[in-house]
Each structure stands twice: as structure tokens, then as C-alpha cells.
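Nothing fancy with the numbering, it's 1 onward along the sequence.
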Amino acid sequence: MTAPVFVVEHFDAGDGGRYVLDGPEGRHAVSVKRLHAGEDVVLTDGAGRWADCVVLDTEGKDRLVVKMDSYSEEPAESPRITVVQALPKGDRGELAVETMTETGVDAVVPWTASRCITQWKGERGLKALAKWRATAREAGKQSRRVRFPEVLDAASTKQVAALLAEADFAAVLHEEGSEPLATAELPASGHVVLVVGPEGGVSPDELAAFAAAGAKPYRLGRSVLRTSTAGTAATALLLGRTGRWS
């Protein structure tokens with residue numbers, strides 16, 4: 001088991017490299033993880049910077065004192081993989097974000113597709129977006145990542161088309177009359193954008209808009225996956241084919 005990961009806002013250690021992890025992260029380390037002197041931990045800002053540390057002591061129920069000598073920075077992965085995720089029903093959106101994060105996606109764009117039953121509007125939309133972002137953060141920690149995926153603001157079909165137009169490889173997961181993603185010609189670097197439609201599928205108008213932006217339809221396999229699992233399966237396929245899992 002690798003060392004547990006905790007999120008920090010800065011890496012400014014005091015004399016002798018003494019660093020105090022407090023607040024909710026410190027409380028989790030002390031009261032939930034029950035870490036003790038001599039154990040290893042990793043501190044990260046979630047944006048690629050991280051530090052290997054050793055626990056020196058605990059103070060109360062929410063302060064973990066560690067030794068931090070220096071920090072490092074993990075470069076961004078290439079090609080960058082973004083999944084445009086249509087809004088699923090219930091908590092399946094959080095499930096999709098969680099598993100895609102654990103798999104290694106770099107960014108998630110919530111998409112208000114025309115056939116989505118769920119709609120993010122007003123305060124409800126802001127709360128749902130906050131849940132997706134919190135899920136990405138917690139899944140990033142759980143999977144020992146030091147560069148968490150971005151969860152961007154919800155996008156319209158027009159905004160998704162603009163994103164696809166700028167990608168080095170743009171794909172819409174669609175089972176009808178499409179070629180397999182497993183044999184698609186992929187770039188060695190740059191930006192890959194995948195679109196995952198809702199349970200009702202991507203509408204003809206949306207397919208046309210995405211095709212005009214340069215995105216082609218691709219299928220994953222013989223079975224039809226739910227919207228909450230398709231993005232994870234596609235991400236895993238691309239990570240393997242591009243060498244990021246080598």
C-alpha cells in the first residue's frame with residue numbers, strides 16, 4: 001500500500017522542515033486514519049505538486065506534524081484526455097467522475113445534452129457541480145494521484161462543439177454505424193476529447209454539430225454500456241493505447 005494522500009494549499013515548511021497539516025485534512029489524518037510517528041504520507045496541491053513526508057507527531061485531534069524536506073512537481077500527462085459526460089440520473093454522475101478519476105482522466109466536462117432527463121439549473125446545478133468536483137478530489141486522493149482531474153462548468157452542445165473543434169482527436173461514443181475506438185488512429189500528444197451521451201443517446205442534431213466540429217463516431221465494443229461507465233471504459237482503452245499505462 002502506498003502512502004495516503006492529503007491535500008494542502010501550500011508547501012511552506014518551518015524550521016527543520018516542520019509542517020503542520022490541520023483543518024479537515026489534519027482531522028482526517030489524526031482521527032480517521034490514526035496516523036502515528038514514523039509513518040509516510042504524501043501532501044499534494046492536486047495540481048501536480050507533491051511532497052513525501054514522514055509523520056513526526058500529532059497535536060490534539062486535528063493536527064498532524066510531519067517532516068517535509070522538499071517538494072516535487074509531476075508534469076502533465078500527454079496526450080491529455082477530456083471526457084464530456086452527459087448528465088446522468090441520480091448519483092450516477094458522481095459514480096462516473098469517481099471511476100474516471102481513478103482510471104486517470106485529466107478533465108471532465110458536464111454536458112446538458114438534449115436527451116438528458118437531469119437538468120442543472122440555478123442553485124441545484126451549482127450543488128451538483130460542487131458534488132462532482134468534491135468527488136474528483138476524494139477519488140484523486142483515494143487513487144494516490146497528485147494531479148486531480150479538472151471538473152469544468154457545465155457546457156451546452158454549442159460549447160462542446162467548440163471544444164471538439166480544438167482537439168487533436170475528437171470522438172463521440174456511438175454504437176450505430178461507427179468504427180471501433182480500439183483501432184482509431186490516435187495522436188502521440190496533444191488533446192483527446194471523448195463525448196459520452198445520455199442514456200437516450202446522442203441526438204441526430206448533436207451528432208451533426210459534433211461532426212461539423214471534426215468529431216467522428218466510434219464504438220467501444222459489442223455491448224452497450226451505461227453512460228456512467230462508458231467514459232471510464234473509453235479512458236482505460238486510450239490510456240493503454242497511448243502508452244500512458246505502460
Side-chain angles (χ1 to χ4, degrees), residues 1-83 85 91 93-108 126-152 228 231-232 235-236 239-240 242-246:
M1 174 65 72
T2 55
V5 174
F6 298 94
V7 180
V8 298
E9 295 182 357
H10 63 85
F11 293 88
D12 301 324
D15 293 339
R18 185 179 184 274
Y19 188 99
V20 178
L21 179 69
D22 54 13
E25 293 289 273
R27 186 176 303 110
H28 186 73
V30 174
S31 299
V32 179
K33 289 290 189 180
R34 299 184 182 277
L35 296 175
H36 299 288
E39 294 188 81
D40 296 325
V41 297
V42 171
L43 304 185
T44 180
D45 62 359
R49 293 194 299 172
W50 61 280
D52 276 323
C53 303
V54 177
V55 178
L56 297 176
D57 199 359
T58 61
E59 297 176 351
K61 297 181 178 180
D62 60 358
R63 288 169 62 87
L64 186 77
V65 184
V66 303
K67 175 71 179 310
M68 179 194 298
D69 291 324
S70 62
Y71 68 85
S72 304
E73 183 158 2
E74 180 181 273
E77 297 277 10
S78 185
R80 175 180 170 86
I81 298 175
T82 294
V83 173
Q85 174 67 58
D91 61 358
E94 288 102 279
L95 173 63
V97 171
E98 179 180 56
T99 54
M100 285 191 289
T101 298
E102 293 172 355
T103 304
V105 76
D106 299 299
V108 179
L126 293 176
K127 289 182 179 179
L129 178 60
K131 284 184 178 180
W132 281 33
R133 287 173 172 165
T135 298
R137 171 188 167 110
E138 293 307 310
K141 291 165 57 180
Q142 178 65 35
S143 55
R144 308 301 197 257
R145 291 181 62 169
V146 297
R147 186 179 290 276
F148 303 161
E150 297 179 82
V151 178
L152 285 73
S228 54
T232 299
T235 298
L239 288 171
T242 58
R244 283 183 50 177
W245 269 6
S246 61

J.: With sequence neighbours excluded, what pairs up with Arg244 under the salt bridge (charged side-chain N to carboxylate O under 4.0 Å, His left out) test?
T.: Glu77, Asp106
J.: Checking side chain to side chain contact (heavy atoms under 4.5 Å, CB included) for the pair Phe6/Leu35: CA distance, chi angles, key distance, verdict?
T.: CA-CA 12 Å; Phe6 298 94; Leu35 296 175; 3.8 Å; yes
J.: Could you check whether atom CD of Glu73 has more than 12 heavy atoms from other residues, nucleotides or ligands sitting under 6.0 Å from it?
T.: yes
J.: Does the side chain of Arg18 reach to within under 4.5 Å of the side chain of Val65, using non-hydrogen atoms?
T.: yes
J.: Could you state the interatomic distance from CG (Leu21) to OG1 (Thr58), rounded to the nearest 0.5 Å?
T.: 12.0 Å
J.: What distance do Ser143 atom OG and Glu98 atom CD have between them, rounded to the nearest 0.5 Å?
T.: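 The OG atom of Ser143 sits 9.5 Å away from the CD atom of Glu98.
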J.: Using 0.5 Å steps for rounding, measure from the OG1 atom of Thr135 to the CE atom of Met100.
T.: 10.5 Å
J.: So which heavy atom on Thr232 is nearest to which on Ala96, and how close?
T.: OG1-O, 4.1 Å
J.: Rounded to the nearest 0.5 Å, how far does NZ of Lys131 lie from CZ of Arg133?
T.: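 If I round to the nearest 0.5 Å, the distance is 15.0 Å.
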J.: Which residues pass the salt bridge (charged side-chain N to carboxylate O under 4.0 Å, His left out) test with Glu74, not counting sequence neighbours?
T.: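 Glu74 satisfies salt bridge (charged side-chain N to carboxylate O under 4.0 Å, His left out) with no residue once adjacent residues are dropped.
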J.: Search all heavy atoms of Leu43 against all heavy atoms of Met68 and return the closest pair with its distance.
T.: CD1-CE, 3.7 Å
J.: Check Ile81 against Leu239 and note the closest heavy-atom contact, atom names and distance.
T.: CD1-CD2, 3.9 Å
J.: Could you list all the side-chain hydrogen bond (donor to acceptor under 3.5 Å, both in side chains) pairs where at least one residue sits in residues 28-45, not counting sequence neighbours?
T.: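 Every pair satisfying side-chain hydrogen bond (donor to acceptor under 3.5 Å, both in side chains) with a residue in residues 28-45: Asp45-Arg49.
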J.: Quick one: pull up CD in Glu94 and OG1 in Thr101 and give me the separation to the nearest 0.5 Å.
T.: 11.5 Å
J.: Write down the atom of Val42, the atom of Ala3, and the distance for their closest heavy-atom approach.
T.: CG2-CB, 4.1 Å
J.: Under the salt bridge (charged side-chain N to carboxylate O under 4.0 Å, His left out) rule, collect the residues that match up with Glu138, sequence neighbours excluded.
T.: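 For Glu138, the residues satisfying salt bridge (charged side-chain N to carboxylate O under 4.0 Å, His left out) (neighbours in sequence not counted) are Lys141.
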J.: Arg137: what forms a salt bridge (charged side-chain N to carboxylate O under 4.0 Å, His left out) with it, not counting sequence neighbours?
T.: Glu25
J.: List the residues meeting ring pair (Phe, Tyr, Trp, His ring centres under 6.0 Å) with Tyr71, not counting sequence neighbours, and say none if there are none.
T.: Phe11
J.: Judged by atom type as modelled, is there a donor-acceptor pair below 3.5 Å linking the side chain of Arg63 to the main-chain atoms of Lys61?
T.: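 Not confirmed, Arg63 side chain does not pair with Lys61 backbone.
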J.: Could you check whether any side-chain N or O of Arg147 sits under 3.5 Å from a backbone N or O of Ala47, counting only pairs where one atom can act as donor and the other as acceptor?
T.: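 At least one qualifying donor-acceptor pair exists.
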J.: Ignoring hydrogens, what is the shortest heavy-atom contact between Pro149 and Ala107? Give both atom names and the distance.
T.: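 In terms of heavy atoms, the two residues are closest at CB-N, 4.2 Å.
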J.: Measuring only between side-chain heavy atoms, which start at C-beta, is Tyr19 closer than 4.5 Å to His10?
T.: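 SC-SC contact between Tyr19 and His10 confirmed.
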J.: Provide the closest heavy-atom pair for Lys67 versus Leu56 in the form atom of the first, atom of the second, distance.
T.: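 Of all heavy-atom pairs spanning Lys67 and Leu56, the closest is N-CG, 3.8 Å.
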